[in-house]
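What follows is one structure encoded as structure tokens, with my remarks underneath.
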Amino acid sequence: MNPTASDSANGNPLLDFSGLPRFRAFRPEHVTPAIDTLLRQARSAVDKAEAATTSATWADFVSPLELATEQLGRAWGMVGHLNGVADTPELRAVFNENLPRVTEFWTALGQNEALFAKYKALSQSAEFAQMSPPRRKIVTNALRDFRLGGAELVSPARERYAEIQEQQAALSQKFGENVLDATNAFTLDISDEATLAGLPDDALAAARQEAERAGMAGWRFTLQFPSYFPVMQYASDRTLRETLYRAYVTRASSAGTPTLDNTAIIDQTLSLRAEEARLLGYASFAEVSLVSKMADSPDQVIGFLRDLAVRAKPSAHRDMAELRSFAAENLGLDSLSSWDMAFASERLKEARYAFSDNEVKQYFQLPRVLEGLFGLIGRLFDVRISRDTAEAWHADVGFFRIERAGQLIGQFYLDMFSRPSKRPGAWMDDARGRKLIATGLQTPVAYLTCNVQGPVGAQPALLSHDDVITLFHEFGHGLHHMLTRVDELGVSGISGVEWDAVELPSQFMENFCWEWDIVAAMTAHVDTQAPLPRALFDKMVAARNFQSGLQTLRQVEFALFDMRLHSEWDGVASPTTPLSATSATTAAASAEVRRAAGAAVQNLLDEVRQEVAVVTPPEFNRFQNSFSHIFAGGYAAGYYSYKWAEVLSADCYAAFEEEGLFNAETGQRFLREILSVGGSRPAIDSFKAFRGREPSIEALLRHNGMVEETFHAPA
């Protein structure tokens with residue numbers, strides 16, 4: 001029997017699947033009993049599905065198994081989401097207590113030989129030939145995932161594989177916790193206003209508000225990005241910039257609290273991933289990662305990134321030479337340190353284009369930006385977005401619905417503002433996916449999360465243009481999830497989409513932030529309510545590719561480091577090296593291993609920088625220790641996806657440039673061939689259905705101000 005609203009017994013909200021998540025009713029003490037129930041239910045469904053008496057058909061074993069595992073996934077997804085946006089000691093403890101149990105279930109499911117055999121039998125049956133393309137894709141994906149999940153391993157490799165998955169899950173969670181805790185551990189209180197010369201009024205007001213909340217006089221700065229970055233960009237005091245920079249780039253490293261140092265976690269994670277690859281018969285974890293992606297091999301990805309670096313380097317060298325010359329002549333900076341880069345760049349941009357980012361920011365009030373964004377989506381895809389009502393985890397969270405012709409097609413939560421209980425960054429997650437159920441259609445629901453400065457006093461939240469781009473990016477992911485027309489859960493929305501194609505809709509949406517009609521409709525000066533002047537917008541467009549060479553190389557650096565790390569790492573330290581030691585001897589040995597592993601990772605990063613970077617950070621920089629994308633997220637051996645998918649997204653956007661920005665047929669074709677189909681077919685087939693040809697690099701080069709012709713696009 002499946003849990004219902006009545007079964008949630010006065011009621012555990014994690015067992016209620018009758019509607020939207022019941023956040024107000026949630027308490028950490030609900031987690032363990034709910035997971036007990038859902039694991040029991042899921043295991044029962046697995047037992048029935050794998051039984052010899054159960055036919056290898058969609059209706060008899062695939063559908064019931066999907067129902068049971070979806071409910072476990074939705075409940076655990078709600079817990080994981082809250083752990084990311086509303087972290088508390090109690091929730092963290094119960095999350096970590098149940099994480100091994102949930103991981104163990106999914107690992108065992110992926111290794112289930114009986115189910116693997118059933119899927120094989122189904123793939124070879126007459127029913128398979130008659131299935132819809134989405135169902136066939138689900139079966140094909142399942143066979144691939146069973147192989148990657150260790151279903152073909154035999155003891156003791158099977159047991160070791162399961163141990164590896166559990167250890168990796170715990171390490172990933174701990175990595176993210178350490179970054180959040182290290183970010184929150186630092187505060188800088190300033191009492192002398194002269195020290196804050198150059199900072200915009202809104203940044204000063206936010207810092208004063210932060211100090212008041214802490215019961216302090218003066219101004220308080222933190223490492224939350226909305227507090228940190230204005231200092232780097234505008235503060236005239238070089239010592240202030242250096243202080244915050246050092247704190248930011250050494251988060252979760254040996255330079256801070258020892259218990260928050262991620263160095264050993266990086267080593268253990270890489271060693272476990274390398275061991276997993278060997279167990280599965282692959283030369284590296286990078287090869288494992290690429291099985292489910294568009295790219296064919298690590299060498300292909302590395303070649304793609306190196307080609308891009310070659311294209312970007314001449315521009316980057318020019319950018320850097322100009323910046324150094326400007327800083328020496330106008331700012332009195334004979335040499336540029338890393339904590340000078342954003343400051344000098346902003347001054348140069350102001351001098352060259354006669355505007356500042358802060359000037360632009362005064363026009364992007366969040367309510368007006370959302371109005372413009374929602375209007376754009378309506379025009380492109382013939383939908384209507386409006387406010388809706390639902391329980392949320394914080395008073396600042398908004399909830400919205402998407403309708404077409406009066407019919408609900410999706411909903412989303414929007415959590416915009418930074419706070420200490422929320423992990424850094426921006427992301428989209430699914431609360432539930434689209435599928436047909438007994439009572440009709442289950443519509444998709446998404447979580448959209450950003451981290452911008454919230455309202456200060458009576459003033460609405462103001463967004464930088466980069467913040468606007470980030471919002472559009474995450475909303476592109478949301479559209480991919482919510483505008484799907486696929487009714488099979490495993491391939492609806494973003495499910496089943498190759499990871500190096502999943503950024504296509506998100507990066508596609510970013511382009512609209514550079515269109516006058518769109519920007520004009522979503523701007524109003526915070527004081528005068530006047531729209532953004534066209535002259536100022538033209539300056540923004542002129543500056544669009546300002547330092548694009550440096551920015552491109554920065555992304556290539558991260559991606560090449562990630563891919564080389566996961567294709568070359570063979571395990572410097574034992575995967576069982578403890579995170580903490582109990583004896584002096586063990587502690588000394590462990591420390592030595594950590595130093596060796598940390599040095600190996602740093603040496604590789606230094607090597608990558610020597611090859612592709614124009615700007616090299618100082619020796620104390622420990623960027624890798626907070627690289628959550630690859631150590632606490634889904635981008636391991638996949639960070640290249642941003643640039644890989646940008647080839648596709650720029651080419652797709654070029655169709656709108658060619659056919660008309662608001663051409664109804666073009667918008668409907670993008671909806672029909674890209675957004676609607678989700679993961680029901682290979683991403684390259686969806687691209688070709690939209691564009692009518694193979695991808696071309698030309699649009700990407702044009703958008704980034706690079707026009708060389710010998711660049712190799714991804715196949």
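The first residue in the sequence is number 1, and the count goes up from there. Only a predicted model underlies this, so the values are computations on that prediction, with no experimental measurement involved.
- Between the side chain of Asn621 and the backbone N or O of Pro618, no donor-acceptor pair lies under 3.5 Å.
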Intermediate values then yes/no, side chain to side chain contact (heavy atoms under 4.5 Å, CB included), Ser289 and Lys293: CA-CA 7 Å; Ser289 175; Lys293 294 181 173 67; 2.7 Å; yes
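- Side-chain contact between Phe326 and Leu331 is present, with at least one heavy-atom pair separated by less than 4.5 Å.
- Side-chain contact, Gln507 with Tyr653: no donor N or O sits under 3.5 Å from an acceptor N or O.
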Residue pair Thr263, Asp261: steps toward the side chain to side chain donor-acceptor pair (under 3.5 Å) verdict: CA-CA 6 Å; Thr263 303; Asp261 184 2; 2.7 Å; yes
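- In this model, a donor atom of one side chain and an acceptor atom of the other lie less than 3.5 Å apart for Ser686 and Arg681.
- Taking the side chain as every heavy atom from C-beta outward, Arg622 and Val249 never approach each other to under 4.5 Å.
- Gln224 and Asn451 share no donor-acceptor pair across their side chains, judged by distance under 3.5 Å alone.
- Looking at heavy atoms from C-beta onward, Met428 lies in side-chain contact with His481 at the 4.5 angstrom threshold.
- Side-chain atoms of Lys422 come within 3.5 Å of backbone atoms of Cys450 as a donor-acceptor pair (strictly under, hydrogens ignored).
- Taking the six-membered ring for Trp, Tyr640 and Tyr635 have ring centres at least 6.0 Å apart.
- A side-chain N or O of Thr183 and one of Arg251 form a donor-acceptor pair less than 3.5 Å apart.
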Verdict with supporting geometry, Arg609 and Glu557, side chain to side chain contact (heavy atoms under 4.5 Å, CB included): CA-CA 6 Å; Arg609 286 171 173 161; Glu557 175 187 314; 2.9 Å; yes
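- The two residues Leu532 and Trp516 come nearest to each other via the heavy atoms O-CH2, 3.1 Å.
- When the shell of 6.0 Å around CZ of Arg306 is examined, it contains more than 12 heavy atoms from other residues, nucleotides or ligands.
- The two residues Val612 and Ala309 have their closest heavy-atom pair at CG1-CB, 3.9 Å.
- Gln168 and Glu276 share a side-chain donor-acceptor pair at under 3.5 Å.
- Counting only heavy atoms from C-beta outward, the side chains of Trp644 and Gln300 approach each other to under 4.5 Å.
- Counting heavy atoms from C-beta on, the side chains of Met341 and Met232 never come closer than 4.5 Å.
- Nearest heavy atom pair, residue Lys137 against residue Val491, reads CG-CG1, 4.0 Å.
- Using a distance-only test at 3.5 Å, with no hydrogens or angles considered, a donor-acceptor pair links the side chain of Ser649 to the main chain of Glu646.
- The closest donor-acceptor contact from the side chain of Asp500 to the backbone of Ala295 lies under 3.5 Å.
- Between the side chains of Gln547 and Ser345, a donor-acceptor pair is found at a separation under 3.5 Å.
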CA sep, side-chain torsions, deciding dist, call: Arg238, Glu242, salt bridge (charged side-chain N to carboxylate O under 4.0 Å, His left out): CA-CA 6 Å; Arg238 196 181 191 192; Glu242 180 181 359; over 6 Å; no
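- A side-chain donor-acceptor contact under 3.5 Å links His566 to the backbone of Asp562.
- The one candidate from Thr269, Asn178, Asp267 that meets the side chain to side chain donor-acceptor pair (under 3.5 Å) condition with Asn262 is Asn178.
- A donor-acceptor contact closer than 3.5 angstrom links the side chains of Glu503 and His477.
- A cation-pi contact, defined as under 6.0 Å to the ring centre and within 45° of the axis, links Arg347 to Phe343.
- Using modelled atom types, one finds a donor on one side chain and an acceptor on the other under 3.5 Å when comparing His629 with Tyr642.
- Aromatic ring centroids of Phe670 and Phe690 lie under 6.0 Å apart.
- Heavy atoms only, all atoms of each residue included: Val452 and Pro226 are closest at C-CG, 3.7 Å.
- In the displayed structure, Glu658 atom CD is contacted under 6.0 Å by more than 12 heavy atoms of other residues, nucleotides or ligands.
- In this model, no donor atom of one side chain and acceptor atom of the other lie less than 3.5 Å apart for Asn358 and Ser356.
- Using a 4.5 Å cut-off on side-chain heavy atoms (C-beta onward), Glu657 and Arg702 make contact.
- Side-chain contact of Gln602 with Glu619: a donor-acceptor pair under 3.5 Å is absent, judged by distance alone.
- Although no hydrogens or angles enter the test, the distance criterion places no donor-acceptor pair under 3.5 Å between the side chain of Trp569 and the main chain of Ala274.
- Nearest heavy atoms, Ala342 versus Phe229: CB-CE1, 4.2 Å.
- Ring geometry for Phe627 against Phe631 counts as perpendicular: the plane angle is over 60°, on a 0 to 90° scale with 30° as the lower cut.
- With ring centers used as reference points, Phe186 lies 6.0 Å or more from Phe221.
- When side chains are defined from C-beta on, Pro682 counts as touching Glu498, because their heavy atoms get closer than 4.5 Å.
- Between Phe620 and Tyr245, the ring planes lie perpendicular to each other; the angle is over 60°, past the 30° to 60° tilted range.
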Verdict with supporting geometry, Asp467 and Lys361, salt bridge (charged side-chain N to carboxylate O under 4.0 Å, His left out): CA-CA 9 Å; Asp467 291 333; Lys361 184 177 181 180; 5.5 Å; no
Worked check of salt bridge (charged side-chain N to carboxylate O under 4.0 Å, His left out) between Lys539 and Glu350: CA-CA 10 Å; Lys539 293 175 183 177; Glu350 290 173 4; over 6 Å; no
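- The residues Arg691 and Glu673 are annotated as not salt-bridged, no charged nitrogen and carboxylate oxygen being separated by less than 4.0 angstrom.
- Nearest heavy-atom pair across Asn625 and Ala252 is ND2-O, 2.8 Å.
- Side-chain N or O atoms of Glu510 include none that pairs as donor or acceptor with a backbone N or O of Thr470 at under 3.5 Å.
- Between the side chain of Asp651 and the backbone N or O of Leu648 there is no donor-acceptor pair closer than 3.5 Å.
- Centroid-to-centroid, the aromatic rings of Phe508 and Phe656 come within less than 6.0 Å.
- A donor-acceptor pair is defined here as one N or O able to donate and one able to accept, closer than 3.5 Å; no such pair exists between the side chain of Arg423 and the backbone of Leu180.
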Trace of the side chain to side chain contact (heavy atoms under 4.5 Å, CB included) decision for Leu305 with Ile302: CA-CA 5 Å; Leu305 294 171; Ile302 290 171; 5.5 Å; no
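- Using modelled atom types and a 3.5 Å distance limit, the side chains of Gln555 and Gln551 yield no donor-acceptor pair.
- Looking at Ile630 and Phe558, their side chains never come closer than 4.5 Å, going by heavy atoms from C-beta outward.
- Judged purely by atom type and a 3.5 angstrom limit, His473 has no side-chain atom pairing as donor or acceptor with the backbone of Pro505.
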